[in-house]
Amino acid sequence: MTHTGSATAHLLAEPARVVAPRLLGSTVSTCVDGRTVSIRLTEVEAYEGGIDPGSHGYRGRTARNSALFGPPGTLYVYFTYGMHHCANIVCGTDGTASAVLMRAGEVVSGVDTAVARRGRAGAPGPQLASGPARLAQALGLTLEHTGLPVDHGTAGIHGVGTIALEHVADRAPLHSTGPRTGVSGPGGGPEYPWRFWLEGERSVSRYRPAAVRRRESGGRPAGGAAAGAAGPRG
DNA sequence: TATCTGATCGACT
DNA sequence: GTCGATCAGATAG
């Protein structure tokens, strides 16, 4: 079953952990710089705002995360690690900071554009949008797209691009669940099994527990806090 | 104001 | 398996 337009907004008006598995298998399409890319979602994570220590909205609303507190169907893009963008779709009710992080998917349309955007590392195949930063990059999403309404037919209004969600199922397809990837602290524990993926999909990113940073005992250069501190992974 | 963290990725050994 | 890149925002003082 397919829902578009206001029907999609209705489906998003539930907590992220309910909406997230439903988005598996659905298609997210963007039109940025006049080029369209469509990705079939195979892996997502749910973040539940004020009750979720792993959520950007856990400590309340700030200028950075204000889009996260917006109405369901709002796009929230954040910038992390100094170089990566990650894209979320806001769910729940207005003000709850509930959102679904799009972690991985299969590029079903606009492969050439996605490969070009991915740059040197870009190559057609299941790895093209395997990982939240890769997926956001393939879709051409950056901070300037934060706050865009999803699937409201607003082409041209915002100027920076459009995003649409299609083929959202009434019920979640058969899927697996587990702890979230890369979430440090209690939010990454088994109490929050809010990662959802389609079993057997080659585009699903490999599970990685949160990195544990090792502090330098001496001083560090200003502005370069995290260099060389990657902890054990995998 | 200064310091530190982070929902990552990819190159390198 | 290991580690460097790179910057906006949050927090402590």
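So you know, we letter chains A, B, ... as the sequences are listed, proteins then strands, and number each from 1. Every heavy atom of this structure was used, including side-chain atoms; hydrogens, water molecules and symmetry mates were not.
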Task: Donor-acceptor pair under 3.5 Å, His84(A) side chain vs dA7(B) base - done: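 There is none.
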Open item on the list: With a 3.5 Å cut-off and heavy atoms only, can you find an N or O donor on one side and an acceptor on the other between the side chain of Tyr81(A) and the base of dA5(C)?
Closed with: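 There is none.
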Task: Expected output: side-chain Asn88(A) to main-chain Ala99(A) donor-acceptor under 3.5 Å - done: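 No.
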- [ ] Using only heavy-atom distances, determine whether the side chains of Glu106(A) and Ser203(A) contain a donor-acceptor pair under 3.5 Å.
- [x]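 Distance-only check fails for Glu106(A) and Ser203(A).
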Task: Any side-chain donor near an acceptor of the partner, Gln137(A) and Arg118(A), under 3.5 Å - done: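 Distance-only check passes for Gln137(A) and Arg118(A).
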Rounded to the nearest Å, what distance is computed from the [atom1] atom of residue [X] to the [atom2] atom of nucleotide [N]?
{"X": "Gln137(A)", "N": "dG10(B)", "atom1": "CD", "atom2": "C1'", "answer": "12 Å"}
{"X": "Leu135(A)", "N": "dC9(B)", "atom1": "CG", "atom2": "P", "answer": "10 Å"}
{"X": "His56(A)", "N": "dA8(C)", "atom1": "NE2", "atom2": "P", "answer": "15 Å"}
{"X": "Met83(A)", "N": "dG4(C)", "atom1": "CE", "atom2": "C1'", "answer": "8 Å"}
{"X": "Leu101(A)", "N": "dT8(B)", "atom1": "CG", "atom2": "C1'", "answer": "11 Å"}
{"X": "Phe79(A)", "N": "dT6(C)", "atom1": "CZ", "atom2": "P", "answer": "11 Å"}

Task: Inter-residue atom distance Ile163(A).CD1 - Ile89(A).CD1, 0.5 Å rounding - done: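 Reported value, rounded in 0.5 Å steps: 5.5 Å.
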Open item on the list: Can you tell me how far apart NE2 (His167(A)) and CG (Leu41(A)) are? Round to the nearest 0.5 Å.
Closed with: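 Answer for the NE2-CG pair, His167(A) versus Leu41(A), is 11.5 Å.
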- [ ] Mind listing the closest non-hydrogen atom pair of Pro132(A) and Cys86(A) along with its distance?
- [x]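 Shortest heavy-atom separation between Pro132(A) and Cys86(A) comes out as CB-SG, 3.8 Å.
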Open item on the list: Quick check: closest heavy atoms across Thr42(A) and Val204(A), and the distance to 0.1 Å?
Closed with: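 Looking at all heavy atoms of both residues, the closest pair is O-CG2, 3.7 Å.
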- [ ] Classify the nucleic acid contact of Gly54(A) as base, sugar-phosphate or nothing, counting any heavy atom under 4.0 Å across all strands shown.
- [x]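 Result for Gly54(A) = base.
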- [ ] Please work out if Arg180(A) contacts a base, only the sugar-phosphate, or nothing of the nucleic acid, heavy-atom cut-off 4.0 Å.
- [x]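 No contact.
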TODO: Can you spot which of Leu12(A), Thr96(A), Leu11(A) makes a side chain to side chain contact (heavy atoms under 4.5 Å, CB included) with Pro72(A)?
DONE: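 Among the candidates, only Leu12(A) passes.
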TODO: Tell me the stems DNA chain B sits in, counting at least three consecutive Watson-Crick or G-U wobble pairs, each under 3.5 Å on both distances.
DONE: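 Paired runs of 3+ in DNA chain B: B:1-6 with C:7-12, B:8-12 with C:1-5.
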Open item on the list: Heavy-atom count check: over 12 atoms from other residues, nucleotides or ligands less than 6.0 Å from Arg61(A) CZ?
Closed with: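 Correct, the count exceeds 12.
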Where do N or O atoms of nucleotides 9-12 of chain C meet protein N or O atoms at under 3.5 Å, pair by pair?
unit_1: dA10(C); atom_1: OP1; unit_2: Thr62(A); atom_2: OG1; d: 2.3
unit_1: dT11(C); atom_1: OP1; unit_2: Arg59(A); atom_2: NE; d: 2.3

Open item on the list: Would you say Arg118(A) places a side-chain N or O within less than 4.0 Å of OP1 or OP2 belonging to dG10(B)?
Closed with: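 For dG10(B), OP1/OP2 do have a side-chain N/O of Arg118(A) under 4.0 Å.
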